[in-house]
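First comes the structure, then the notes that go with it.
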Amino acid sequence: MKIWVDADACPVVIKEILFKAAERTKIQLTLVANRPVRIPRSQYITFIQVASGADVADNEIVKRLTVGDLVITADIPLAAAVIEQNGHALDPRGELYTVDNIKSRLSMRDFMDSLRAGGIDTGGPPPLNKSDRQSFANQLDTFITRYAKKK
């Protein structure tokens, strides 16, 4: 299993949790973005810079994904593509996307997009808080522990 990060929009505090987890568990972590991202020196952490453009980083992740890999993303369409390829997707706030919940998340996303297209200000997500960071760390740890048992 590898962990892939949709790094363009991933909060720094989440990246730091992932860096520590990669070192602790010796799981390969790859960040993908269309702009440079600072990463620590590590044999377990790499970075791939892609061309700028809509969904270029997402497409690169999906192209390189193998069955069972984990992708960290808040991008619902990317999460859906990952699940479709038998991967796993985890939101930076700690929500694990699944076959059971991804369709409803896509529907809500599309609904909110249609509202915004109609000129309605839907606002954005609230800032990441301590509870979100803890939820992410716990969900990541649970996922990695489950993966380690399958080794």
Side-chain angles (χ1 to χ4, degrees), residues 1-117 122 124-125 128 132-133 135-151:
M1 179 193 85
K2 293 181 181 177
I3 300 174
W4 300 90
V5 182
D6 182 7
D8 284 320
C10 187
V12 171
V13 294
I14 298 303
K15 290 177 195 166
E16 290 170 0
I17 292 168
L18 289 163
F19 295 153
K20 289 176 186 170
E23 286 296 320
R24 184 182 81 246
T25 62
K26 299 177 178 23
I27 294 174
Q28 185 64 46
L29 173 70
T30 303
L31 291 83
V32 182
N34 59 26
R35 58 183 165 71
V37 173
R38 292 177 60 118
I39 61 170
R41 298 185 92 180
S42 168
Q43 65 181 5
Y44 305 108
I45 303 168
T46 57
F47 170 67
I48 299 172
Q49 185 169 352
V50 296
S52 59
D55 300 326
V56 177
D58 299 357
N59 294 338
E60 188 67 23
I61 291 170
V62 171
K63 181 176 91 176
R64 293 173 180 253
L65 184 76
T66 60
V67 172
D69 285 355
L70 175 64
V71 176
I72 310 303
T73 185
D75 185 300
I76 307 293
L78 173 56
V82 167
I83 290 168
E84 190 174 293
Q85 286 195 223
N86 296 312
H88 306 278
L90 178 61
D91 179 270
R93 293 177 187 274
E95 179 181 9
L96 188 63
Y97 298 112
T98 65
V99 171
D100 296 330
N101 69 19
I102 195 64
K103 285 188 170 111
S104 65
R105 299 298 184 276
L106 277 169
S107 293
M108 181 56 77
R109 177 198 174 272
D110 292 345
F111 174 68
M112 297 301 278
D113 276 353
S114 67
L115 289 177
R116 285 188 288 274
T122 60
L128 207 63
D132 295 326
R133 292 189 300 270
S135 178
F136 175 81
N138 290 343
Q139 190 69 260
L140 178 67
D141 189 52
T142 298
F143 185 88
I144 289 173
T145 300
R146 227 180 297 138
Y147 163 73
K149 288 180 181 178
K150 292 180 181 179
K151 274 182 145 179

Just by distance, do the side chain of [X] and the backbone of [Y] share a donor-acceptor pair under 3.5 Å?
X	Y	value
Tyr97	Ile76	no
Asp69	Lys2	yes
Ser135	Arg93	yes
Arg133	Ile14	no

Considering all heavy atoms of both residues, which atom of [X] and which atom of [Y] are nearest to each other, and what is their separation?
X	Y	value
Arg64	Trp4	CB-CH2, 3.5 Å
Arg38	Phe19	O-CZ, 3.9 Å
Ala79	Ile102	CB-CD1, 3.9 Å
Ala33	Ala7	CB-CB, 4.0 Å
Ala81	Val62	CB-CG2, 3.9 Å
Ala51	Asn34	O-CB, 3.5 Å

Which value, rounded to the nearest 0.5 Å, describes the distance between [X] atom [atom1] and [Y] atom [atom2]?
X	Y	atom1	atom2	value
Arg146	Thr142	CZ	OG1	6.5 Å
Asp8	Gln49	CG	CD	9.0 Å
Leu96	Leu90	CG	CG	6.0 Å
Leu31	Leu18	CG	CG	7.5 Å
Ile27	Phe143	CD1	CZ	8.5 Å
Ile17	Lys15	CD1	NZ	12.5 Å

Report the C-alpha separation of Leu78 and Ile61 in whole Å, then their side-chain angles, then the decisive distance to 0.1 Å, and conclude whether the side chain to side chain contact (heavy atoms under 4.5 Å, CB included) test is met. CA-CA 9 Å; Leu78 173 56; Ile61 291 170; 4.3 Å; yes
Check Asp141 with Arg24, please: is the shortest side-chain N to carboxylate O separation under 4.0 Å?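 Judged by the 4.0 Å cut-off on N to carboxylate O distance, Arg24 and Asp141 do form a salt bridge.
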If only side-chain N and O atoms count, and only distance matters, is there a donor-acceptor pair under 3.5 Å linking Asp6 with Thr73?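 A pair is found: one side chain offers a donor N or O, the other an acceptor, under 3.5 Å apart.
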Measuring only between side-chain heavy atoms, which start at C-beta, is Val32 closer than 4.5 Å to Val5?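 SC-SC contact between Val32 and Val5 ruled out.
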Would you say that Pro40 contacts Ile45 through its side chain, given a criterion of any heavy-atom pair below 4.5 Å between the two side chains?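 A side-chain contact exists here, since the closest heavy-atom pair is under 4.5 Å.
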Hey, mind stepping through Leu70 and Leu140 against side chain to side chain contact (heavy atoms under 4.5 Å, CB included) and telling me if it holds? CA-CA 9 Å; Leu70 175 64; Leu140 178 67; 3.8 Å; yes
With a 6.0 Å cut-off (strictly less than), is the heavy-atom count around CD of Gln85, excluding the residue itself, greater than 12?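 Yes, the 6.0 Å shell around CD holds more than 12 heavy atoms from other groups.
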Sequence-distant partners of Asp55, salt bridge (charged side-chain N to carboxylate O under 4.0 Å, His left out), two or more places apart: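 None.
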Derivation and outcome, side chain to side chain contact (heavy atoms under 4.5 Å, CB included), residues Glu95 and Asn101: CA-CA 10 Å; Glu95 179 181 9; Asn101 69 19; 3.6 Å; yes
Under the salt bridge (charged side-chain N to carboxylate O under 4.0 Å, His left out) criterion, do Glu23 and Lys20 qualify, and how do the steps go? CA-CA 5 Å; Glu23 286 296 320; Lys20 289 176 186 170; over 6 Å; no
Go through Thr46 and Gln28 one step at a time and tell me if the side chain to side chain contact (heavy atoms under 4.5 Å, CB included) criterion holds. CA-CA 8 Å; Thr46 57; Gln28 185 64 46; 3.4 Å; yes
